[in-house]
Amino acid sequence: MPSSSDELIFFVNGKKVIEKNPVPEMNLLFYVRKVLHLTGTKYSCGGGGCGACTVMISRYNPESKKIYHYPATACLVPVCSLHGAAVTTVEGVGSIKRRIHPVQERLAKCHGTQCGFCSPGMVMSIYTLLRNHPEPTPDQITEALGGNLCRCTGYRPIVESGKTFSPESSVCQMKGSGKCCMDLDEGCSESTKERMCTKLYNEDEFQPLDPSQEPIFPPELIRMAEDPHKRRLTFQGERTIWIMPVTLNGLLELKASYPEAPLVMGNTAVGPGMKFNNEFHPVFISPLGLPELNLVDTANSGGVTIGARHSLAQMKDILHSLTLEQPKEKTKTHQALLKHLRTLAGPQIRNMATLGGHVVSRPDFSDLNPILAAGNATINVISKEGQRQIPLNGPFLERLPEASLKPEEVALSVFIPYSGQWQYVSGLRLAQRQENAFAIVNAGMSVEFEEGTNTIKDLQMLFGSVAPTVVSASQTCKQLIGRQWDDQMLSDACQLVLEEIRIPPDAEGGMVEYRRTLIISLLFKFYLKVRRWLSEMDPQKFPDIPEKFVSALDDLPIETPQGIQMFQCVDPNQPEQDPVGHPIMHQSGIKHATGEAKFVDDMPRINQELCLTVVTSTRAHAKITSIDVSEALAYPGVVDVITAEDVPGDNNHSGEIFYAQNEVICVGQIICTVAADTYIHAKEAAKRVKITYDDIEPAIITIEQALEHNSFLSSEKKIEQGNVDYAFKHVDHIIEGEIHVEGQEHFYMETQTILAIPQTEDKEMVLHVGTQFPTHVQEYVSAALKVPRNRIACQMKRTGGAFGGKVTKPALLGAVCAVAAHKTGRPIRFILDRSNDMLITAGRHPLLGKYKIGFMNNGKIKAADVEYYTNGGCTPDESEMVIEFIVLKSENAYHIPNFRCRGRACKTNLPSNTAFRGFGFPQATVVVEAYIAAVASKCNLLPEEIREINMYKQISKTAYKQTFNPEPLRRCWKECLQKSSFFARKQAAEEFNKNNYWKKKGLAVVPMKFSVAVPMAFYNQAAALVHIFLDGSVLLTHGGCELGQGLHTKMIQVASRELNIPKSYVHLVETSTVTVPNAVFTAGSMGADINGKAVQNACQTLLDRLQPIIKKNPKGKWEEWVKKAFEESISLSATGYFKGYQTNMDWEKEEGDPYPYYVYGAACSEVEVDCLTGAHKLLRTDIFMDAAFSINPALDIGQVEGAFIQGMGFYTIEELKYSPKGVLYSRGPDDYKIPTVTEIPEEFYVTMVRSRNPIAIYSSKGLGEAGMFLGSSVLFAIYDAVTTARKERGLSDIFPLNSPATPEVIRMACKDQFTDMIPRDDPSTFTPWSIHVS
């Protein structure tokens, strides 16, 4: 192997980069962040699944003389693959210092940023689209964003910012006419108390997009690409070598010399294999520029040949052009491929992955290979021995050696034949979500008939995700040749294919019965499609399918979302400079969009800094018998391994264990950490720590097991009113049931991140940390290091999302990091990768709810006895407070005169679950609404009617004796029913359902009574610090944390109003334990409430001091007053303090005033469900939220929408999978699906309903969490649709629809002939791959 390296030459943001020592294993994300110090591109998942690291790559094609721009995820792009390419990062698009690009400006001003961590990736996806399509269609914008995840906004404002570039943007037709389509039915009543606005931003402010102003492609790279004397390049790393041949012969020579070396083109298969499966390759061959791999040949009358180097996105363009040029009957295979190419992965991966790589790597989940095989495609391969064709068929995809490429062979191209006149080809798939998700089952099927008949001449069926490889049902197909295409054939085909493709009961991936059902459900869909096609070919000979079956033919469509946001207009008499009530952009919005907003890992490297990685337990409950760190310590770059022995103070603080000692109590518990000079060295060394265990019984994983072993974290919490037992004896009906609600992963975009810097004096330490609770971090670090808290400074500028996941967990991780910094005496950077973050920090508590309900024939509920159990995990964390909240909030909006609720947190051997947006309410109220639905079913009424009957209607007391006025609740409920046209749409849905057997629509309206703050008064206090400088500028800080919710923006608005100065005068400095000590957590929807009061208090103190000066010079300017105050020795600095809401709860008496006020709301959602697959589509959502008076409608609507989408994900597609031994399988975006842009409602209407809330600042309300539960309107709309399907099939309409209602749950609830047909296994004969832990 050569020992010297060639120079790697590429451009980044127009600047030439010459890398003399390129490292083949280094990816572009690491390079731009750590070598070039361009930190706008973010690390979030590391596997290409989230889009946070999206950049634009531009290449010149010397054959076509064209420049090609495409989006790519930098975490998967090997830096060595970039020779001759130009990379644009968010910094190259625009910056505050230079010039903000229209994409960045519009994303910020349309309120498309909240935490800002995903924003640079969003900018790059839209920017790349605009470079290729300066006037994109709305559908192109939606498609461009398909590979980008956002956990904050709910996507609607991001899509809207992109749509401002579209000439055909589908904005509400009524905007501009002064009328709103929401009010059309009712007309506009003159008695309306306040004017409503719908404009959250002003398009007139936007600078126009001028494509001529974009940077040019570097001419030097064009010269390099056209250089006739190009030579082979070799990049030599420490462990690996990267070789770039420039001729086909050179490539074949290399493949003969290194037959095991992978060909790296898109790196979407090799990269993840190296990162997640520890694969190692000493040699990489990268044939990126070979024209032979780039050909497209459409001259062949039999089909098209596409070069192996073409990306899947290019393949899509080629096939699309062909379908326009060729007769429809010839392009059935192409059309089937195109359908899947729209949803396969995201645009970034589609632009990186190549056709050759996809075909040759033969992933078992491939969406394309089954279709290519069904369409009789062939692969053209070449080696030094010559060329040959390999059929892309079942044996090839099943990896049979005789049907595969030889190690020295290279795939040149793929030939896709045209379909015959009497041939039909189709691709079918079902995934957890519509786009950017591996299929749960997919299929490629084709049938050819004897001409003019429905007699099968040839049949092919291939299935993916049902075995370790794609499998062909070849025996089934053989037996069906010669048969008529009729119902009997279908019945036999289903039986045969189930016998041939046998998914074992303990198969990896689980969902075994569902996957068996999908195999034959997809086959049935294919059967119907072929019947319909035959009927179109000859309607006389071949009768059409029944009209009621037609809707089964098509997949649920992907539409560009649209909607209206309504809020109260600002009083026209309000002073112009008073920003309160205006929809003001997030104060960091532009910085988010330019990548200039700094997060912890964006801070420059500090001298002598070390990186920390963790070694975690692989057992749920075991004794540690030995820890051998010798091999890790000997690894290059390693400075130390830190264990429990190294903790100077408490290793167990308040029941939370920093480093496991002697015993582990969950999989994922930190046992030791490795500190090294680089992250790579630390990670590699961590793999070399050897730990031995002795298992301890029992290992408790589920709530059921905890109840068996009487294993609890806290005592029972209970509230009771009336005489429950007596009431049960005097009701018409009693129903009992139980509901399981699984957990949820926070999936904040920025993983847990800490930078600990030990100081040289007095045992001081500074920690930069992304947290909701700096005081808590300070407390834990102080305890671990055994130093007073006054030596520990915690600083928090912003964090990339939190949702409750950064309340307690950063304290534990901060202590772990601080101990390492203390031991080594060096700064420590500690960033959890996504997999470890999901494993260690856990999430929302899974819940088991049991209910017994007594009610009358008219639907009036007289008695309820409800029990809740949560899976708290292995340590206390916040589980006791969560169960208290669950019990207190367990009545939701309903008055049940005889009500008993009990709750208990179970102790299990899982990582400790923690705070999560809504804090127990989203789980508990699913149980409430489930028993409402069960009562409705029994009374033969709509659930909405039962809700109306039992809802609080006048000033009342809750079950815990707190008085409240439900008038805003009633208003939200009534407006929701009325403005959403619920009853008319319900009728329309019933009509649709009558006419469609396999698709059903469902609607649901849910009300909400949500509480904010906490029952302990001291947790509601807050403080602020305000300085006025002599130039009149104001510096403000407070104890709240900026998590993306716009807290700092609101605080600037408060200060601006109180001091009567423009908001531009106010600057906000980061949250720190140094400036505001003992601050409480930013959670419970009370951040703006309590910190706003503290800021208001400080500003009023300062204004009081200035009053004498203002009186003397009332017409003076602010700056003059400030200068004069200083001259008169008046202090221009003040602390502000808010004592907090005086809440309380006496659990002995089961009564109190635990919450200062309630937030009310209602949501109506409509879904369409595919009964054959379990897929669902959210068609429309209307939300009515009691906002009282919104300080900033843009931020508040953003919170409501974002929480709703997060809630919708929780109740539908977000599914955590655990092994029976307590191992979490769902550890990244590949395994855990949060909503993407395609999951949000096609129509999304949000209305802020006005009420009064005099207890809070400016009569506002905290809206950070309330929208979460409203996502359950989607769950209950699905429940409604499934109930309709079950009734039609003669099944019971009372069934447990647990949460989440995944495609699996939906499909298996819609029982039919196919679910009856599948083989079922005796549960006692096998151990399932995964279990539910609720």
Side-chain angles (χ1 to χ4, degrees), residues 115 151-152 654-656 713-714 717 741-748 750-752 769-777 779-780 796 799-814 837-838 840-847 868 870-889 903 905-906 910-925 1010-1016 1019-1020 1040-1041 1043-1045 1047 1079-1087 1090 1154-1155 1199 1202-1203 1206-1207 1210 1214 1216 1262 1264-1269:
C115 82
R151 197 56 157 161
C152 295
S654 303
E656 303 302 322
L713 286 165
S714 63
K717 304 293 174 185
V741 183
E742 292 303 314
Q744 184 180 23
E745 160 60 29
H746 299 94
F747 215 96
Y748 29 66
E750 181 192 26
T751 59
Q752 301 274 353
V769 57
T771 178
Q772 295 172 253
F773 198 0
T775 304
H776 201 50
V777 180
E779 175 196 340
Y780 274 49
M796 157 62 194
T799 193
F803 317 113
K806 294 177 181 174
V807 177
T808 60
K809 298 300 180 182
L812 185 144
L813 297 166
D837 191 294
M838 290 182 74
I840 294 166
T841 66
R844 188 184 294 284
H845 290 72
L847 175 138
Y868 289 113
T870 60
N871 192 326
C874 58
T875 64
D877 201 278
E878 301 224 76
S879 293
E880 184 169 10
M881 204 197 288
V882 169
I883 203 72
E884 288 177 3
F885 273 52
I886 284 172
V887 171
L888 289 170
K889 299 180 181 200
C906 297
L910 289 178
S912 290
N913 285 306
T914 188
F916 200 135
R917 196 179 208 163
F919 211 71
F921 184 81
Q923 300 99 296
T925 36
F1010 182 80
S1011 56
V1012 303
V1014 289
M1016 290 80 87
Y1019 271 137
N1020 299 321
C1041 298
L1043 319 166
Q1045 80 282 45
L1047 176 59
V1080 300
F1081 42 69
T1082 304
S1085 302
M1086 61 183 186
I1090 63 172
Y1155 303 113
Q1199 287 297 289
Q1206 198 174 52
F1210 168 52
E1214 295 185 34
L1216 289 166
E1265 300 168 282
M1268 186 92 201
F1269 165 68

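Only heavy atoms go into these numbers, but all of them, side chains included; no hydrogens, no water, no symmetry mates. None of the values given here were measured: they were computed from a predicted structure.
- Residues passing the side chain to side chain contact (heavy atoms under 4.5 Å, CB included) test with T799, sequence neighbours excluded: E750, M796, A802, K806, L1043.
- Residues satisfying the side chain to side chain contact (heavy atoms under 4.5 Å, CB included) test with E880, not counting sequence neighbours, are S714, K717, E884.
- Using a 4.5 Å cut-off on side-chain heavy atoms (C-beta onward), C115 and Y748 make no contact.
- Take N1020 and apply the side-chain hydrogen bond (donor to acceptor under 3.5 Å, both in side chains) test, not counting sequence neighbours, and it matches T1143.
- Residues passing the salt bridge (charged side-chain N to carboxylate O under 4.0 Å, His left out) test with R151 are E1214, sequence neighbours excluded.
- Panel note: side chain Q923, backbone H845; a donor-acceptor pair is recorded below 3.5 Å.
- A distance-only check finds no donor-acceptor pair linking the side chain of Q744 to the backbone of G843 [under 3.5 Å].
- Checked against a 6.0 Å centroid threshold, the rings of Y1155 and F885 count as neighbours.
- Residues satisfying the side chain to side chain contact (heavy atoms under 4.5 Å, CB included) criterion with L713, sequence neighbours excluded, are S879, A905, K907.
- Residues passing the side-chain hydrogen bond (donor to acceptor under 3.5 Å, both in side chains) test with S1085, sequence neighbours excluded: E1265.
- With sequence neighbours left out, T875 forms a side-chain hydrogen bond (donor to acceptor under 3.5 Å, both in side chains) with E656, S912.
- Every residue two or more places apart in sequence or in another chain was checked for a salt bridge (charged side-chain N to carboxylate O under 4.0 Å, His left out) with D837, and none qualifies.
- With sequence neighbours left out, F916 forms a ring pair (Phe, Tyr, Trp, His ring centres under 6.0 Å) with H746.
- The side chain to side chain contact (heavy atoms under 4.5 Å, CB included) search around A915 returns V807, E878, F919, not counting sequence neighbours.
- Under the ring pair (Phe, Tyr, Trp, His ring centres under 6.0 Å) criterion, F1269 pairs with F921, sequence neighbours left out.
- In this structure E742 satisfies the side-chain hydrogen bond (donor to acceptor under 3.5 Å, both in side chains) test together with S1334, sequence neighbours excluded.
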